[in-house]
There are 2 protein chains.
Amino acid sequence: MSHLINISEAASLALHGLAIVAQKNPEKVNAKYIAEKLNASEAHLAKIFQRLSKSGLIKSFRGPTGGFVLNKPVEEISFLDIYEIVESKIIINDCPLHKTGCPFENCIFGDALKNISQSIYQTFKNIKLSDFTE
Amino acid sequence: MSHLINISEAASLALHGLAIVAQKNPEKVNAKYIAEKLNASEAHLAKIFQRLSKSGLIKSFRGPTGGFVLNKPVEEISFLDIYEIVESKIIINDCPLHKTGCPFENCIFGDALKNISQSIYQTFKNIKLSDFTE
DNA sequence: TTAATTCTGGTACTCAAATACCGAAATAGG
DNA sequence: CCTATTTCGGTATTTGAGTACCAGAATTAA
């Protein structure tokens, strides 16, 4: 079974987790709470939020009453931002044979991959945390 | 680095390899030749063509002068056919959290994933081996 | 200052996909 | 037949993502 679109569970967890943080905004929300809500492993989720925090998308606070809060307005955080942090940089034009001297002068996929990638890119950009705060 | 679209090297090799077979049609083409053309490992490519053969998309012949030939007209073999054989079945609507009781009543991705998937599906369907002959 | 709580960051483990290997079976030609 | 060639199919290895673990640092409250 294969997904056509490449979204790791980590990226999805990040989006869902941040949606919860956005809903509680400006309260702090800790990793344990989010993990429980999402039926996810706390260790795993903590790791993901660590990266989000390091990137500056959220702020973190240690100690009792600690947790995470958004570091930007909800309208300014898109799934694209999250995706790029969690999955590292995005490749837009990506025939897997591009590297190893492909014998076809014109890429066999034509513009198809680039076009789709761009459409995915736009779609991800249009999904914002503000969509979930109602 | 992350690809937005999920195309394994195997699926890409299959398409490129079959394009070569299509160009030589109705000659037989052997794995070694294809692998060399594509700068790919022969062992790997052979494995992929084995699956294509088992699925009936191509016919195989052993022994000296052996090789592979298409088993259908070039217009009737699409990248979607190839993709489905190599990657196994496709998932169209696919939030990775779908399985584990997601707390959001309405999928947080809305229709976005389904729409994109469907567009990828159509694109793959429109890429045909006949695009690479002549 | 003490204890409890929470994030941090490094590391280790797990698992499946991707890839590679190799002996066996089939075929063509001499 | 015999040999070289080529696919077949089972299996082994590699790789990377996903996941788990744990000791350490920061913070709060008592």
Side-chain angles (χ1 to χ4, degrees), chain A residues 1-3 6-14 16-17 21 24 27-36 38-71 83 85-89 91 96-97 99-100, chain B residues 1-3 6-14 17 21 27-36 38-69 71 83 85-91 96-97 99-100:
Chain A
M1 285 198 305
S2 173
H3 292 252
N6 220 4
I7 302 177
S8 69
E9 185 168 341
S12 182
L13 273 177
H16 284 76
V21 175
K24 295 273 186 189
E27 258 180 72
K28 280 177 285 188
V29 188
N30 68 40
K32 188 176 180 184
Y33 176 84
I34 302 171
E36 269 171 13
L38 296 178
N39 286 314
S41 127
E42 186 183 339
H44 189 203
L45 192 125
K47 260 284 175 274
I48 298 166
F49 268 66
Q50 206 173 307
R51 300 180 64 183
L52 296 172
S53 168
K54 211 143 87 172
S55 78
L57 203 68
I58 57 179
K59 266 193 299 195
S60 65
F61 299 91
R62 298 185 184 184
T65 79
F68 301 94
V69 290
L70 303 181
N71 201 18
Y83 187 94
I85 292 164
V86 175
E87 313 271 10
S88 79
K89 222 48 190 171
I91 298 170
L97 295 193
K99 29 182 182 174
T100 71
Chain B
M1 285 198 305
S2 173
H3 292 252
N6 220 5
I7 301 179
S8 69
E9 185 168 340
S12 182
L13 273 178
V21 175
E27 258 181 73
K28 279 177 285 186
V29 188
N30 68 39
K32 188 175 179 184
Y33 176 85
I34 302 170
E36 268 171 14
L38 297 178
N39 285 315
S41 128
E42 185 184 339
H44 188 202
L45 191 125
K47 256 290 174 266
I48 297 166
F49 269 66
Q50 206 171 307
R51 300 178 65 182
L52 296 173
S53 169
K54 212 146 84 171
S55 78
L57 204 67
I58 58 180
K59 265 194 299 197
S60 65
F61 299 91
R62 297 188 185 183
T65 80
F68 301 95
V69 290
N71 200 19
Y83 187 94
I85 292 166
V86 175
E87 312 273 11
S88 79
K89 223 47 191 171
I90 288 178
I91 299 170
L97 294 193
K99 27 180 184 179
T100 70

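Hydrogens, waters and symmetry mates play no part in the numbers below; they use all other heavy atoms, side chains included. The sequence lines fix the lettering, A, B, ..., with proteins before strands; numbering per chain opens at 1.
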Please compare B:Phe68 and A:Ala43 by the position of their nearest nucleotide in DNA chain D and report the one closer to 5'. B:Phe68
For A:Lys28 and for B:Phe49, find the nucleotide of DNA chain D with the closest heavy atom, then tell me which residue's nucleotide is more 5'. B:Phe49
pair [X]-[Y]: side-chain heavy atoms closer than 4.5 Å:
X: B:Ile85; Y: B:Leu57; answer: yes
X: A:Leu13; Y: A:Phe49; answer: no
X: A:Lys47; Y: A:Gln50; answer: yes

In whole angstrom, what separates [X]'s [atom1] from [N]'s [atom2]?
X: B:Lys32; N: C:dC21; atom1: NZ; atom2: P; answer: 15 Å
X: B:Ile58; N: D:dT7; atom1: CD1; atom2: C1'; answer: 11 Å
X: B:Lys59; N: C:dA26; atom1: NZ; atom2: C1'; answer: 17 Å
X: B:Asn30; N: D:dA4; atom1: CG; atom2: P; answer: 18 Å
X: B:Leu45; N: D:dT6; atom1: CG; atom2: P; answer: 14 Å
X: A:Asn6; N: D:dG18; atom1: CG; atom2: P; answer: 9 Å
X: B:Glu42; N: C:dA20; atom1: CD; atom2: C1'; answer: 12 Å
X: B:Arg51; N: D:dG10; atom1: CZ; atom2: P; answer: 14 Å

So, OP1 or OP2 of [N]: does either fall under 4.0 Å of a side-chain N or O from [X]?
X: A:Ser60; N: C:dT8; result: yes
X: A:Gln50; N: C:dT8; result: no
X: B:Ser41; N: C:dA20; result: yes
X: B:Ser53; N: D:dC8; result: yes

Nearest to the side chain of [X], which nucleotide is it out of [options]?
X: A:Arg62; options: C:dG9, D:dC21, C:dT6; value: C:dT6
X: B:His44; options: D:dG9, C:dT19, C:dC7; value: C:dT19
X: B:Pro64; options: D:dT27, D:dA20, C:dA28; value: C:dA28
X: B:Thr65; options: D:dT7, C:dA28, C:dC7; value: C:dA28
X: A:Glu9; options: D:dG18, D:dC21, D:dG9; value: D:dG18

Remember a base hit wins even if backbone is also touched, and classify [X] as base, sugar-phosphate or nothing at under 4.0 Å, heavy atoms.
X: B:Ala46; result: nothing
X: A:Phe61; result: sugar-phosphate
X: A:Ala10; result: nothing

Within this structure, what is the CG-CG distance for the pair A:Asn39 and A:Leu45, rounded to the nearest 0.5 Å? 11.5 Å
What's the spacing between A:Glu42 CD and A:Asn30 CG if we round to 0.5 Å? 7.5 Å
Side-chain donor or acceptor of A:Glu87 paired with backbone N/O of A:Ser8 under 3.5 Å: yes
Counting only distance, no hydrogens or angles, is the base of D:dG18 paired donor-acceptor with the side chain of A:Lys47 under 3.5 Å? no
Hey, which sits more toward the 5' end of DNA chain C by its nearest nucleotide, A:Gly63 or B:Gly66? A:Gly63
